[in-house]
Amino acid sequence: MEQRLRIEDLHIGYRTGGNTHTVIPNLSFEVESGTLISIIGRNGSGKTTLLQSIAQLLAVLQGKIYWNDTDLKPLSTQAKAKLISYVGQIPNIPPHLKLQDLLALSRNPYTNWLGNLEQSDRSQIQNVADRLDLIPWLDRPLVELSAGQKQRCLIAAALVQDTPILLLDEPSAFLDLDHKASIFKLLQEIAHKHNKIVMLSTHDLNPALQISDKILLLDRGQGTFGSVQELVRQKIFENIFHQKWVGFDPDLMQFSICV
């Protein structure tokens with residue numbers, strides 16, 4: 001059964017001290033399951049704000065977010081946790097927490113009020129840990145792991161949560177080239193092989209253009225959505241950055257620094 005995430009006339013931003021600051025108005029797009037979407041744009045363009053709004057961590061200023069035909073806003077916290085998993089840039093996780101405990105906590109939307117794991121929960125944890133080659137790390141505190149290893153653990157926690165929508169804010173930040181490639185490949189497989197919607201924000205533009213089914217460009221208060229090929233034909237990428245410093249080759253579909 002085809003499932004979809006629909007963003008309808010969304011206004012995102014902040015309300016502080018009685019004032020409203022709109023970052024992006026009138027944003028609308030639709031994504032089907034089995035799709036990887038990269039959100040790109042300059043610093044401060046609204047990438048994190050959008051992800052947190054879709055994740056229901058930040059109240060939207062106006063508009064609707066639908067899963068199929070269901071408005072997400074009135075759903076219970078538990079119901080939302082069964083639909084969306086979110087991996088932020090700076091996760092609030094106790095550093096001495098062991099990986100197996102982190103993964104157990106990720107089953108919280110499905111456990112009873114005591115948090116007791118059933119066999120189905122343990123099987124889900126084991127399957128994800130095995131799929132991501134994390135079995136040797138299960139008994140290790142997260143503080144002992146490298147940045148790349150921690151990122152895989154956080155993605156594993158999101159997979160253990162077993163939601164159709166996976167949102168990630170800068171999942172490749174602070175990683176070396178090898179680990180970036182590994183994370184991007186993993187996210188592409190999660191979307192395509194497991195029929196999930198994977199939406200990530202990134203400043204790694206060339207890898208994003210390589211792996212993404214769709215691109216959402218946030219620029220100057222506007223959102224442009226489409227496939228990489230569609231945006232190339234529209235010459236969207238040529239105008240993101242100052243052309244004196246950053247160039248874009250439409251044939252190679254790559255950005256380059258002009259020095």
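Small disclaimer: the values here were computed from a predicted structure and weren't measured.
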Would you name the heavy atoms of [X] and [Y] that are closest together and state the gap between them?
X: P164; Y: Q3; result: CB-OE1, 4.5 Å
X: L218; Y: S45; result: O-CB, 3.5 Å
X: D71; Y: I65; result: OD1-O, 3.5 Å
X: L103; Y: A156; result: CD2-C, 3.8 Å
X: P109; Y: Q161; result: CG-CG, 4.2 Å
X: T163; Y: S85; result: OG1-OG, 2.9 Å

[X] side chain near [Y] side chain, heavy-atom distance below 4.5 Å:
X: L231; Y: L209; value: no
X: D219; Y: T224; value: no
X: I240; Y: L205; value: no
X: T202; Y: I40; value: yes
X: L36; Y: F184; value: no
X: Q151; Y: H179; value: no
X: R42; Y: F241; value: yes
X: T16; Y: H21; value: no

Distance check, rounded to the nearest 0.5 Å: [X] atom [atom1] versus [Y] atom [atom2]?
X: L175; Y: E170; atom1: CG; atom2: CD; value: 10.5 Å
X: L186; Y: K193; atom1: CG; atom2: NZ; value: 10.5 Å
X: E189; Y: R131; atom1: CD; atom2: CZ; value: 10.0 Å
X: L50; Y: I39; atom1: CG; atom2: CD1; value: 4.5 Å

- Item | Verdict with reasoning, Q254 to N206, per side-chain hydrogen bond (donor to acceptor under 3.5 Å, both in side chains) | CA-CA 6 Å; Q254 287 187 348; N206 289 333; 5.0 Å; no

- Item | K64 and K73: CA distance, side-chain angles, deciding distance, side-chain contact (heavy atoms from CB on, under 4.5 Å) verdict | CA-CA 8 Å; K64 301 286 187 180; K73 184 176 180 180; 5.6 Å; no

Please tell me whether [X] and [Y] are part of a single hydrophobic cluster in this structure, the criterion being side-chain heavy atoms less than 4.5 Å apart.
X: L83; Y: L10; value: yes
X: L72; Y: L166; value: no
X: I183; Y: L159; value: yes
X: V87; Y: I211; value: yes
X: L105; Y: L154; value: yes

Tell me if the [atom1] atom of [X] is crowded by more than 12 foreign heavy atoms within 6.0 Å.
X: K98; atom1: NZ; result: no
X: E8; atom1: CD; result: yes
X: L252; atom1: CG; result: yes

Main-chain N/O of [Y] paired with [X] side-chain donor or acceptor, under 3.5 Å:
X: S53; Y: T49; answer: yes
X: D130; Y: Q126; answer: no
X: R4; Y: E30; answer: no
X: T111; Y: N116; answer: no
X: R140; Y: L99; answer: no

- Message: Between D162 and K196, does any side-chain N to carboxylate O distance fall below 4.0 Å?
- Response: yes

- Item | Check against side-chain hydrogen bond (donor to acceptor under 3.5 Å, both in side chains), T35 and D213 | CA-CA 6 Å; T35 305; D213 302 301; 5.0 Å; no

- Message: Please verify the inter-ring angle class for F237 with F255; under 30° counts as parallel, over 60° as perpendicular, anything in between as tilted.
- Response: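 Rings of F237 and F255: perpendicular, as their planes differ by over 60°.
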
- Message: Show, in sequence, the C-alpha distance, side-chain angles and deciding distance for D9 and S28, and conclude whether the side-chain hydrogen bond (donor to acceptor under 3.5 Å, both in side chains) test is met.
- Response: CA-CA 5 Å; D9 192 29; S28 297; 5.2 Å; no

